[in-house]
Amino acid sequence: MNIKFIKRVLLASLLFLCGWNANAQHQFGNSRISGDFGFNGMYYIPDSIIGAEPVESKVRANAFLNLLYNNGGFSAGMRYEFYMFPLIDFEKIGYQGQGIKYFFADYTNKFIQVTAGNYYEQFGNGLTLRAYEDRQLGIDNSLLGARVRLTPYKGIYLKGVWGIERDNFEPYLGRHDFVRGADLELSLGEMFPVIQEKVFIARIGANIVSKYDRPDNYIRFPIGGANSDTMGIITLDKLPANVATWAARATFGYEGFRIDAEYARKMNDPNVTNNFIYKNGEALFLSATYSMKGFGIAASFIRSDNMEFRSDRWENQNSELMINCIPAINRQYSYQLLGDYSFASQPNSQIGAQVQVNYQIPKKSVLGGKYGTDITFNYSRFHNTDQQPVQEAIDNGTPTGTMGYTSQFFKFGPDLLYQDIGLEISHRFNNKKWKWILAYNYITYNLEILQGHEGMMRGHLVASDLSYKITPKHALRLELQHMYTKDDIGSSLYAMLEYSISPNWFISIGDDWNYGNPEPDHKVHYYNIACAYVWNTTRIALNFGKTKEGILCVGGVCRAVPASFGAGLSITTSF
């Protein structure tokens, strides 16, 4: 038997036993030890029809163990990760390795917080800095270094960070890049209690973030077009080693009204994703909401131009080594078929807006019924930014080494990236046992820009979610979806039936049938059977089925998901 396979199984089993046996927090005087454990494994079966390729090791798993020690204002922790034989979608993005990749020590009191080691941090809306983890996407942009937070006076918050960004399982030693920054926020409502008593929110903030990325190469590019023999060179002294960004933000609110705004600017940052141009980047985020009993409206606007900000100028894969994050303002859905066409935020070129209106038909009215009826309407539309090449780029036949382009700030570019028109109606029937959600969406999705496939997808989705509470602990839920489209892979039907016994058991069976695929052999049923058991803080889940190739998105950050077929086991517990 393969020795590597034996080691893998033994280590995974050890991690599982550690998590399984630790079912309670351990208290020693004022000290407390806690943590959590996760295991996500899969047995892969090849399926040529859906494109699930044979893999070298059919049994794969991701696992981690967090340990945290607390004693008054002092805390310390570490996380061991085991991704030596990761799930295939993680392997394809280079997330492979093992070791203690997260550790820290932290001291906190009312005036100061000091952190040494790994940490996560975000300034404002993340336009200049967002170091965070999303295990589902395989993202961990933690910083290894030091952080200081100060509260010199009530309502005044200062932050300072310095660190090297994590690069999956690559070693930190030998790196020639790091990130540093500072953030200031003033909360006027906290500083002046009189303002707070009037239900008035007022916060302002500003930050600056800089990266150091030592130039270690020169760039050669053809002048006069791709087939030209004349080459241009960007030498080391023309590649900026230090690149700074700054941002200013404000939040104001009174009773049911609130407005948020943040503007960010990045100095010239020639890199592989912008064709090594010297144009400055900028981003603007605006959000306004108003709510009252039975009614609410929210509107958002985003513009991001040349704002991809990475520790390494040569990196262009997914969200690897991303220092900042441009938030997605479009509505996020949990519907399976809409998830196939989730909008991925485009930090280098996007401009768009979202409007959402919520209204509740009054309770005990003819249309509202005993519990009222909730109606949600939303509209979002995103384009690329307007980009007019500078004369030097036209003359050279390439933007490389030039200012690249000019752009009118509020002008929409010619390419539509994404549009969503949606309506959702939710109603609980008079006996309170039945609840029904009916939704409709018309989606326009740019396959070429967002997924690298040819064409534009236009589709109509109708979804129904019906739940019935049999007893206080037993419930049934039926979800039906139909995506009608003549584009991409064609129309699909999705059905899922879930039975739950609260709070312990969850059983479901679902099927995503791509009946409209233009290729007859690919009209496939992507079925999935799942069962989960919850006991205290431990959850064990089993599943068997097929996953189609596509993308997985969380909050506008996406990664590619390969087709797969097999059986999975997931275990999570905390102690």
Side-chain angles (χ1 to χ4, degrees), residues 70-75 77 104-133 141-143 145-163 179-210 244-266 282-292 296-302 309 323-327 329 555:
N70 259 292
N71 188 340
F74 176 78
S75 62
F104 74 93
D106 181 278
Y107 174 74
T108 305
N109 60 34
K110 292 182 179 180
F111 172 70
I112 191 171
Q113 178 185 5
V114 180
T115 307
N118 293 93
Y119 58 89
Y120 301 106
E121 187 57 79
Q122 178 171 324
F123 291 170
N125 293 290
L127 301 184
T128 59
L129 175 68
R130 189 189 183 200
Y132 74 109
E133 179 193 25
N141 292 341
S142 63
L143 294 173
R147 175 186 60 188
V148 178
R149 292 174 173 174
L150 297 174
T151 310
Y153 183 79
K154 188 176 182 181
I156 301 177
Y157 303 98
L158 289 164
K159 299 177 186 176
V161 301
W162 184 98
V179 179
R180 59 247 167 141
D183 180 83
L184 168 65
E185 180 169 288
L186 305 177
S187 176
L188 302 183
E190 295 181 62
M191 295 170 66
F192 307 104
V194 175
I195 296 178
Q196 194 174 28
E197 289 174 0
K198 295 180 180 178
V199 199
F200 180 74
I201 299 172
R203 289 198 296 268
I204 56 175
N207 61 71
I208 183 169
V209 177
S210 174
T245 62
W246 61 266
R249 63 186 184 271
T251 298
F252 298 101
Y254 181 72
E255 294 186 343
F257 177 76
R258 178 183 172 120
I259 183 168
D260 292 272
E262 182 168 2
Y263 174 77
R265 191 168 180 84
K266 182 183 71 163
E282 56 186 346
L284 175 65
F285 169 78
L286 296 171
S287 175
T289 61
Y290 175 75
S291 62
M292 57 182 292
I297 183 169
S300 301
F301 172 85
I302 190 82
F309 191 34
I323 299 171
N324 67 337
C325 182
I326 306 301
I329 61 173

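Position 1 is the first residue of the sequence, and the numbers go up from there.
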Asks: Distance from Thr128 atom OG1 to Glu262 atom CD, nearest 0.5 Å?
Replies: 6.5 Å
Asks: Please lay out, stage by stage, how Ile201 and Tyr254 fare under the test side-chain contact (heavy atoms from CB on, under 4.5 Å).
Replies: CA-CA 6 Å; Ile201 299 172; Tyr254 181 72; over 6 Å; no
Asks: Could you check if a side-chain atom of Leu127 sits within less than 4.5 angstrom of a side-chain atom of Pro327, using non-hydrogen atoms only?
Replies: yes
Asks: Under the side chain to side chain donor-acceptor pair (under 3.5 Å) criterion, do Asp260 and Thr251 qualify, and how do the steps go?
Replies: CA-CA 5 Å; Asp260 292 272; Thr251 298; 2.6 Å; yes
Asks: Just wondering, do Tyr119 and Ser142 contact through their side chains at under 4.5 Å, heavy atoms?
Replies: no
Asks: Mind checking the CD-CD spacing from Glu185 to Glu190? Nearest 0.5 Å is all I need.
Replies: 8.5 Å
Asks: Looking at CD1 of Ile208 and CZ of Arg180, how far apart are the two atoms once the value is rounded to the nearest 0.5 Å?
Replies: 9.5 Å
Asks: Does any non-hydrogen side-chain atom of Ile329 lie less than 4.5 Å from one of Phe285?
Replies: yes
Asks: Verify the neighbour count for atom CZ of Phe257: are there more than 12 heavy atoms of other residues, nucleotides or ligands below 6.0 Å?
Replies: yes
Asks: Do Leu129 and Asn324 come close enough that some side-chain heavy atom pair is under 4.5 Å?
Replies: no
Asks: Would you say Glu133 and Tyr120 make side-chain contact, with heavy atoms under 4.5 Å?
Replies: yes
Asks: Hey, does the side chain of Asn118 reach the backbone of Phe104 with a donor-acceptor pair shorter than 3.5 angstrom?
Replies: no
Asks: Has Thr289 got a side-chain atom pairing as donor or acceptor with Ala298's backbone, closer than 3.5 angstrom?
Replies: no
Asks: At what distance, to the nearest 0.5 angstrom, does CZ of Phe123 lie from CG of Asn207?
Replies: 6.0 Å
Asks: Just wondering, do Ile156 and Thr151 contact through their side chains at under 4.5 Å, heavy atoms?
Replies: no
Asks: Quick check for you: to the nearest 0.5 Å, what is the distance between Ser210 atom OG and Phe309 atom CZ?
Replies: 6.5 Å
Asks: Do Tyr157 and Arg149 come close enough that some side-chain heavy atom pair is under 4.5 Å?
Replies: no
Asks: Tell me the closest heavy-atom pair linking Lys154 and Met191, and the distance in Å.
Replies: O-CG, 3.2 Å
Asks: What do the steps show when you test Phe301 against Leu284 for side-chain contact (heavy atoms from CB on, under 4.5 Å), and what is the final call?
Replies: CA-CA 8 Å; Phe301 172 85; Leu284 175 65; 4.0 Å; yes
Asks: Does the side chain of Arg147 reach to within under 4.5 Å of the side chain of Asp106, using non-hydrogen atoms?
Replies: yes
Asks: So, taking the atom named CD1 in Ile204 and the one named CZ in Phe252, what distance separates them when rounded to the nearest 0.5 Å?
Replies: 7.0 Å
